[in-house]
Structures are given as C-alpha cells and as structure tokens.
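Residue numbering restarts at 1 for every chain, and letters A, B, ... go by the order of the sequence lines.
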Protein chains: 2
Amino acid sequence: MNVQEAVKPRDKDESQSERFDRIYSTLRDRICLLAYRPGTILSEVVLAEEFGISRTPIKRVFNKLEFMGLVQIKNGVGTIVTDIDLLTFKETYDLRKRLAAMMGELSPVEITPAHLARIDRILAETEMLRTDRGNFDALAFVANDLQQLLLDLTGNTPLREVTELLYYRVARIWYTFLPQFGWDIVYEGQLKEVRDIRAAMVVNDILGVGQVRSVDLQRMMTLLGRTMVDA
Amino acid sequence: MNVQEAVKPRDKDESQSERFDRIYSTLRDRICLLAYRPGTILSEVVLAEEFGISRTPIKRVFNKLEFMGLVQIKNGVGTIVTDIDLLTFKETYDLRKRLAAMMGELSPVEITPAHLARIDRILAETEMLRTDRGNFDALAFVANDLQQLLLDLTGNTPLREVTELLYYRVARIWYTFLPQFGWDIVYEGQLKEVRDIRAAMVVNDILGVGQVRSVDLQRMMTLLGRTMVDA
DNA sequence: GTGCACTAATCTGTATACAGCTTGATCTTA
DNA sequence: TAAGATCAAGCTGTATACAGATTAGTGCAC
C-alpha cells in the first residue's frame with residue numbers, strides 16, 4: 001500500500017509508453033495520497049535517478065501532471081506540488097456538484113452485475129472500517145474506489161474526462177481537512193453515501209446515483225463552510 | 001488575418017515562456033481555423049525550422065496541444081491533427097449546452113461597460129457580414145470573439161477552463177459543417193444569438209446570457225441531426 | 001544599520017546526437 | 001503468385017551538455 005515503494009525493478013521488456021504510464025501513475029498517486037504534500041518541490045534529477053532514467057521523460061511526466069493541475073512548473077525555481085486557494089476549491093466543488101447530477105442524464109449507461117459487485121465490495125470495505133477510528137487514509141482509499149466506479153458509470157465521455165480532472169485536482173486537498181471534522185462525522189457521511197448509491201444502483205436508477213453524489217458533494221461544502229466559520 | 005503568416009521575426013527580448021505562448025497560440029489557431037485540417041501530420045523538424053528553434057520546444061507545444069485534444073502524438077508515426085467521431089461530437093455538445101446554462105449560476109460576474117462595448121462591436125461585425133454571403137471564415141472569426149467574451153463572463157474559474165477546453169476541441173469541426181447548412185440558416189442563427197445575448201447583457205441578466213447560449217448550442221445539434229438524417 | 005548590486009547555486013528550458021518505434025516497400029521462399 | 005521476413009526511411013522518445021531564469025546570500029556603499 002506504500003506508494004513510496006511502488007517503484008519496481010525495471011522490466012526489460014517494458015516499452016517507452018508503458019514506462020511513461022507507470023511513472024506518471026506513481027507520481028500522481030504520491031501527490032494524490034499526500035506522500036508529496038502541497039508545496040513540496042520535486043526535483044527532476046532526483047526522480048530521474050530514482051527511476052534510473054534521464055531528466056527528459058521525467059519532464060514529460062511533469063508536463064502531464066501540470067496539465068492535470070497537480071504541480072506547477074516554475075522556470076528557474078522547480079516543480080511544486082500545487083496547493084489550492086479556498087475560493088477555487090469552493091468553485092470546483094460547486095462545479096463537481098452540478099456535473100455529478102448530470103451523470104445519469106447524459107448518455108446513461110446500464111448498470112451491470114459487475115458494477116453491483118463493485119459497490120457491494122466498497123460497502124463491505126467501508127463497514128469494516130467502522131471500528132478503525134482515525135484511519136482516514138483507508139477511508140480515502142475506499143473513497144477513491146467509489147470515484148472510479150462512478151466514473152465507469154458515466155456514459156458521456158467528455159463529462160467523464162472533466163469529472164476525473166476535477167476530482168484529481170481537489171480530492172487530496174479534501175483529505176487534509178478530514179481529521180479536523182472528526183471521525184464520526186466523516187465516517188457516517190461516507191457510509192451513508194455508499195449505501196444510498198448502492199440502493200439507487202440495485203434498482204438501476206442511474207439518475208439517482210448522480211443525485212446522491214451531488215447531495216454528498218454539497219454536504220462536503222457545507223461541512224467545510226461550517227469549519228471555516230468556527231476557525 | 002492569415003494565420004499561416006502569423007510568424008513574426010523573432011523579438012530578441014522575447015523570453016522563453018513568451019515564445020512558448022506565441023508558438024502555441026499560432027499552432028492552435030492554425031488547427032482551430034482549419035489551416036491544418038484534421039488528419040494532417042505535423043512535423044517537429046519542419047516547424048522547428050519555421051520558428052528558428054530546435055525540436056525541444058516544439059515537442060512541449062505538441063504536448064499541450066495533445067492535452068487540449070487538438071492533436072494526437074503517435075510514437076514512430078507523427079503528430080496528427082485530430083478528427084472527432086460523431087458520437088463524441090454530440091456528447092461534447094450535450095455537455096457544452098449544460099455548462100453554458102451554468103455560466104450565470106455559478107459565481108456570476110458583473111457586466112461592465114467594457115463588456116457591453118465588446119458585444120456591440122461583435123454585433124456590428126456580424127451585421128456587416130450580411131451581404132458577404134458564403135464568407136464562413138469571417139463568421140467563424142466573429143463566433144470566436146463571441147466565445148472569448150462569454151468566457152470572460154464566466155466567473156467560476158474551473159467552469160471557464162472546462163468550457164474553453166471543450167470549445168477548442170469541437171468548434172473547428174463545427175466549422176466544417178457550415179457550408180452544407182447554407183449561408184442563410186447559419187448567418188441568421190448567429191445574428192439572432194448575438195442580438196439575444198446583447199439584449200440579456202444590457203439588463204445585466206447574466207443568467208439569461210447563459211440560457212441563450214445553451215439554446216443556441218441545442219440549435220446547432222438539431223441542425224446537425226437534421227443534416228445527418230438527410231444524408 | 002540599511003539598501004542595493006552582484007554573485008553563486010540550483011532549478012527548468014534548449015540544442016543536438018542517437019536510440020526506439022512504426023510503416024511500407026522489397027526481397028525471399030514455398 | 002502469394003505469404004512472410006527483412007530492411008530502410010522517417011517519425012517521436014531519450015540522454016546529455018549547455019543556456020536561461022530565479023532566488024538567496026554576500027559584500028559594498030551610504
């Protein structure tokens with residue numbers, strides 16, 4: 001589970017594009033799971049040595065990470081893991097909330113047994129975490145699985161791409177807020193969301209799935225707003 | 001007006017990032033205004049010679065163009081100006097229609113006299129084209145100005161970014177359809193849209209602006225669907 | 001002490017030679 | 001003749017040395 005150790009010995013048969021994908025995924029996960037926290041300066045040279053390659057392909061990966069909004073490349077300074085200002089954060093959640101509601105409206109997909117199996121597993125994993133108080137990392141992992149499932153239930157391709165883009169931009173920032181909300185509120189909220197989404201899925205109500213997600217994103221914003229006022 | 005001649009002699013005081021932006025904008029416009037038609041293979045070497053630089057910065061520009069969905073980089077083959085399949089095209093317009101309606105709902109901006117001056121100029125330019133039958137290129141230029149104005153009226157930053165991304169992906173494909181729709185339908189449709197948007201703007205009805213745009217995107221889809229059935 | 005110019009360190013950007021990938025033409029062979 | 005192997009051409013990807021950009025520290029002038 002430790003993303004820092006995700007670098008396997010080089011496979012001699014690995015093609016250039018496969019290696020690129022592997023390194024990109026590795027660095028993206030490190031950023032999204034906060035192994036590289038916002039503000040961290042990433043070094044092309046250090047990473048090139050870690051992966052046993054030159055700076056060139058690392059630069060390509062950095063470029064893609066910048067497009068995804070995960071790092072900012074500053075000439076003469078370095079490549080910095082992005083933070084996000086509160087206004088942009090709120091605006092992004094506003095938009096994500098609207099997009100979630102569209103999931104079932106634009107090019108809806110049929111819910112298959114495979115999809116149901118996945119939500120069942122996600123629900124089971126969530127329930128197992130009930131007694132694991134304070135394990136926000138594990139909760140974030142499950143939330144990530146849920147997001148992947150919802151992406152697969154999004155039939156409209158551009159909508160799926162945009163949803164994914166916005167998710168990766170802000171999800172990790174959201175994770176940093178979790179501890180101050182307290183375990184009970186966070187856990188019960190996520191458990192309820194998974195149950196509601198599952199309930200909508202079993203009756204093939206893809207529109208309802210999107211609405212549950214939309215309501216939950218609204219709940220997150222409300223939670224955040226309340227905390228900000230308290231502080 | 002000829003984008004092919006947009007390459008000015010190098011300014012000695014131009015910084016690296018300014019040069020990057022200039023080359024990116026130049027190639028983006030060539031693609032979006034169909035100087036490079038879908039399927040065209042772009043050569044790093046040729047473009048590097050044209051701009052008097054090496055392949056390296058051209059590769060960076062290609063990377064950004066690929067992220068924007070304007071080209072596809074294929075190792076060992078070349079960098080190809082993307083075409084778009086009809087399903088993705090329709091899905092993109094579905095999404096754009098919904099996003100347009102959100103423009104005035106999420107973080108609405110105040111309409112300033114500067115904005116009004118711009119829509120007045122756009123309206124004037126559109127009216128001047130009435131007798132210029134068949135000049136679809138000029139009409140596309142004005143439509144591009146209108147799009148820029150609408151982007152500036154979008155207060156929600158992520159929404160603006162996503163709207164811009166989707167616009168650049170499909171607008172040029174739309175242009176290729178215009179001639180077969182006929183001048184009158186295209187021209188009158190665009191003129192009406194500009195007038196309706198202006199009417200909403202003068203009463204500071206940003207919500208109405210978004211709705212006009214949304215309706216117009218629906219009109220485009222309907223027009224396309226009718227033509228496809230006829231063919 | 002304070003402000004400014006300069007320098008050094010360190011980062012990303014660029015140029016260029018070479019390696020890897022893909023495709024189509026050509027040659028070989030059944 | 002036709003199927004398959006081989007090769008050459010042309011493209012992008014990579015490695016590496018060097019240039020440009022930024023920043024922090026240093027020392028000088030005031």
Pairwise N/O distances under 3.5 Å, protein to nucleotides 15-19 of chain C:
residue : atom : partner : partner atom : Å
C/dA15  : OP2  : B/Ser54 : N            : 2.8
C/dA15  : OP2  : B/Ser54 : OG           : 2.5
C/dA15  : O5'  : B/Ser54 : OG           : 3.3
C/dA15  : N7   : B/Thr56 : OG1          : 2.6

Value in whole Å for how far the P atom of C/dG13 lies from CZ of B/Arg22: 17 Å
For the pair A/Phe177 and A/Phe89, name the ring-plane relationship: parallel under 30°, tilted 30 to 60°, perpendicular over 60°. perpendicular
When the distance from CZ of A/Phe20 to C1' of C/dC21 is rounded to whole Å, what number comes out? 16 Å
Would you say a side-chain N or O of A/Arg60 is under 4.0 Å from OP1 or OP2 of D/dT12? no
One thing to verify: whether A/Glu50 and A/Arg30 come together as a salt bridge, which I'm taking to mean a side-chain N less than 4.0 angstrom from a carboxylate O. yes
Test: A/Arg98 and A/Asp94 ion pair at under 4.0 Å: no
List the steps, then state whether side chain to side chain donor-acceptor pair (under 3.5 Å) holds for B/Asn144 with B/Tyr167. CA-CA 10 Å; B/Asn144 191 66; B/Tyr167 170 77; 2.9 Å; yes
Looking across every strand, which nucleic acid part, if any, lies under 4.0 Å from A/Ile58 by heavy atom: base, sugar-phosphate, or nothing? nothing
More than 12 foreign heavy atoms under 6.0 Å from CD of A/Glu110: is that the case here? no
Provide, to the nearest angstrom, the distance between the CD1 atom belonging to A/Ile41 and the P atom belonging to D/dT22. 15 Å
Pairing of B/Asp152 and B/Arg118 as salt bridge, 4.0 angstrom limit: yes
Should the ring pair B/Tyr93 and B/Trp174 be called parallel, tilted or perpendicular, given that the plane angle runs from 0 to 90° and is split at 30 and 60? tilted
What is the distance from OH of A/Tyr24 to C1' of D/dG13, rounded to the nearest Å? 19 Å
Taking CD1 from B/Ile80 and C1' from D/dC11, how many angstroms apart are they, rounded to a whole number? 10 Å
Any A/Thr79 side-chain nitrogen or oxygen under 4.0 Å from OP1 or OP2 of C/dT12: yes
Please identify each residue that fulfils salt bridge (charged side-chain N to carboxylate O under 4.0 Å, His left out) with B/Arg55, with sequence neighbours left out. B/Glu44
Does a side-chain N-to-carboxylate-O contact under 4.0 Å join A/Asp216 and A/Arg219? yes
Separation of D/dA19 atom C1' from A/Lys59 atom NZ, nearest Å, is 12 Å
Contact residues, residues 65-77 of chain A to DNA chain D [heavy atom, < 4.0 Å]: A/Asn75, A/Gly76, A/Val77
